[in-house]
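The figures that follow rest on heavy atoms only: side chains count, while hydrogens, waters and symmetry mates do not.
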Amino acid sequence: MLDKRFILENAELVQQNCAARGMKADVARFVKLETECRSLQQEIEELSRQANVVSKSIGQAKDDAEREARKEEGRKLRELKEAKQADHERIDAEAGAIYRSLPNMTHAESPRGGEDASRELRKGAMQVTPMRFPVLDHVQLGEQHDLIDFAGAARIAGHGFYFLRNEAALLEMALQQYAVELLVKEGFTPTITPDLARGEILAGVGYIPRGPETQIYTVENFDLNLVATSEITLGGLYAGITIDAEDLPIKLCGISHCFRTEAGAAGRASRGLYRVHQFTKVEMFAFTLPEQSEDMHNYFCELECEIFDGLGIPYRVLDIASGDLGGPAYRKFDLEAWMPGRGDSGEYGEVTSTSNCTDYQARRLDIRYKVKGEKGTNFVHTLNGTAVAISRALIAILENCQQPDGSILIPEVLRKWVGKDRIGGGEDEEE
RNA sequence: GGUCGGGUGGCAGAGCGGUUGAAUGCACCGGUCUUGAAAACCGGCGUACACGAAAGUGUAUCGGGGGUUCGAAUCCCUCCCCGACCGCCA
């Protein structure tokens, strides 16, 4: 959420920002409603004040007659207040709906426009090199080496689920270990999070648990939802809390399963592991002072690059355009890995994403910081970034590391956890 | 899951229908004293929002929500959380 005062004073700017983000919102209407709300609020407070004065005087009333008269006076005042309050609530509800729909402001350097306007910032250390043999995609590779069982999973949970078997299962754990090890060295606190969370928390982070297009699975008869990312639980961890400024920045590394309905995504390229209902993710999350967030965002991006350079996978980094930022992000960088088996002759596919949400989420979640000796509190900035989303990383690894003989070379950095150099091929071949 | 007991300011801990934003202690900040420190003493010490140039004033806030009442930290309902005991269980 934005600062209400900021909106009132910069209605024009906010309206333009909505347009840049491809969101419809009637900012002028909000300003009108909010202004009405404020004057109503003042009237309500004044009536409350008067009623409080009356109430206090009753305790000292001299006789019953006076007491009764004052009681009546108090009742009248409260009734009047109730009426105003009802008006206030009605208007506030409408204003609130607009307010909550307003997206974050946008970084000056973010490209303006839709998805296609996103700007490439850089490429990874590894170059895309054409393969001089028939390239298989990860589904075929998975089948060939008995790594992924989609059909089995479909029988028990439907489309979008999978069993990882053999080296794929080992790779999942290796990728987690690899990412976590790197992040712990960088001072992140490794954190295994709940895979379910209350609706209130989801909403605070910016996810809508119900509705036709929701990404979120909900648990019947409970106010619990399967998380779509540990960003939800990590952000929620500090909801309602005021942090000492000296404890910032706080860097957390969350490990969780992620569940997504992918409602509305039907028809989009979704073969194999690319768009699944469940995957494991190692996530970076930070709470910072406002002046630290931009550096932290760049740092998150650096770490994502380091992780994929370490795996030897070609990628590019995009500065996401305004129209594709979603609600909370002020700026977003996506890292797209080269996937040789995607499309006709290979395509980039998103593997990580890091967002600077500035104070947008913090305001919703009520996460503040306090500077010792200074009066008042301020909202922290929150940032999130994918370290490794296992399913997509797996696609990139299997497809990029396939060899002319059909085997798959395991990235050097993962070998200590997988326990071998290569999947299939030569004497390694099982069966 | 059951049955009890709890959730009050940074912490500890009173209050259990009226002048209580909340006693008291500790912590913290400022001052006096001291060569310095400690002790002692004096004063201050939550947050959000609104109005105000400011001083300040007002409203809200005692786990969350709702109710009773002129008035609720105090009474009622409900939810959440913590503790104890019992049951169940990887």
Side-chain angles (χ1 to χ4, degrees), chain A residues 1-9 30-93 95-96 99-100 192-205 209 218-225 232-233 236-248 250 257 290 359-380:
Chain A
M1 292 186 294
L2 298 172
D3 182 3
K4 279 186 181 166
R5 213 169 323 160
F6 176 85
I7 303 170
L8 294 180
E9 288 164 11
F30 170 78
V31 169
K32 179 171 172 287
L33 294 169
E34 181 64 18
T35 309
E36 278 177 46
C37 262
R38 288 188 180 218
S39 75
L40 262 178
Q41 186 63 43
Q42 283 196 49
E43 292 175 42
I44 290 165
E45 286 186 6
E46 173 58 23
L47 287 169
S48 262
R49 207 204 91 242
Q50 291 174 17
N52 285 345
V53 170
V54 170
S55 290
K56 281 182 185 169
S57 75
I58 290 174
Q60 297 145 333
K62 285 181 276 301
D63 53 66
D64 277 2
E66 186 188 334
R67 205 185 324 272
E68 284 311 314
R70 307 245 81 185
K71 276 194 189 179
E72 187 50 33
E73 196 182 339
R75 253 190 293 266
K76 287 230 171 78
L77 283 166
R78 302 275 174 193
E79 262 168 38
L80 221 61
K81 194 194 91 173
E82 294 295 323
K84 294 258 182 213
Q85 202 129 39
D87 281 352
H88 179 269
E89 267 163 40
R90 202 190 63 245
I91 297 169
D92 190 51
Y99 179 52
R100 278 185 301 277
I192 291 175
T193 65
D195 284 343
L196 287 84
R198 292 211 168 92
E200 177 196 342
I201 299 294
L202 287 267
V205 179
T218 64
V219 180
E220 193 178 11
N221 297 136
F222 294 86
D223 177 27
L224 284 174
N225 310 270
I232 290 166
T233 41
L237 184 57
Y238 282 86
I241 288 183
T242 302
I243 304 168
D244 281 344
E246 53 203 76
D247 293 334
L248 295 173
I250 294 171
H257 290 121
D359 59 0
Y360 188 88
Q361 281 177 333
R363 194 168 267 117
R364 261 175 208 248
L365 290 164
D366 192 24
I367 308 175
R368 301 156 184 275
Y369 69 91
K370 176 159 178 55
V371 180
K372 238 196 200 115
E374 281 182 23
K375 197 151 172 60
T377 58
N378 292 100
F379 291 106
V380 300

Legend entry - P spacing across the pair B:C85 / B:C49, given as an integer number of angstrom: 44 Å

Legend entry - Any A:R49 side-chain nitrogen or oxygen under 4.0 Å from OP1 or OP2 of B:U59: no

Inset, instruction - I would like to know whether A:E46 and A:Q50 meet side chain to side chain donor-acceptor pair (under 3.5 Å); could you show each step before the answer? - result: CA-CA 6 Å; A:E46 173 58 23; A:Q50 291 174 17; 2.9 Å; yes

Legend entry - Pairing pattern in dot-bracket form [Watson-Crick, G-U; both distances under 3.5 Å; | = partner strand] for RNA chain B: ((((((((.[[[..)..(.....]]].(((((.......))))).((((((....)))))).[[[[[..)....]]]]])))))))....

Legend entry - Nearest-Å distance once atom C1' is located in both B:G18 and B:A72: 10 Å

Legend entry - From A:T242 atom OG1 to A:F379 atom CZ, the distance as rounded to the nearest 0.5 Å: 9.0 Å

Legend entry - Span that lies between the C1' atom of B:G6 and that of B:A14, in whole angstrom: 16 Å

Inset, instruction - Apply side chain to side chain contact (heavy atoms under 4.5 Å, CB included) to the pair A:R78 and A:S55, showing each step before the final yes or no. - result: CA-CA 11 Å; A:R78 302 275 174 193; A:S55 290; 3.4 Å; yes

Legend entry - Among B:C51, B:U59, B:A48, the nucleotide that comes nearest once only the side chain of A:S48 is considered: B:U59

Inset, instruction - Verify the contact: side-chain N or O of A:N52 to OP1 or OP2 of B:U59, cut-off strictly under 4.0 Å; return yes or no. - result: yes

Inset, instruction - With sequence neighbours excluded, give me every side-chain hydrogen bond (donor to acceptor under 3.5 Å, both in side chains) pair touching residues 369-378 of chain A. - result: A:R368-A:T377

Legend entry - Side chain of A:E45 (C-beta onward), nearest among B:U59, B:C51, B:A48: B:U59

Inset, instruction - Give a yes/no on whether any side-chain N or O of A:K370 is located under 4.0 angstrom from OP1 or OP2 of B:U47. - result: yes

Inset, instruction - Check whether any side-chain nitrogen or oxygen of A:S55 sits under 4.0 Å from OP1 or OP2 of B:U69, and answer yes or no. - result: no

Legend entry - Distance test, side-chain N/O of A:K375 to OP1/OP2 of B:U47, below 4.0 Å: yes

Inset, instruction - Between B:U24 and B:C45, how far apart are the C1' atoms? Round to whole Å, please. - result: 16 Å

Inset, instruction - Select base, sugar-phosphate, or nothing to describe what A:R38 touches, counting heavy atoms under 4.0 Å on all strands. - result: sugar-phosphate

Inset, instruction - May I ask you to check whether over 12 heavy atoms, not counting those of A:I192, lie within 6.0 Å of atom CD1? - result: no

Legend entry - A:K76 atom NZ, neighbour heavy-atom count above 12 within 6.0 Å: no

Inset, instruction - Give A:K4 one of three labels, base, sugar-phosphate or nothing, depending on what nucleic acid heavy atoms sit under 4.0 Å from its own. - result: nothing

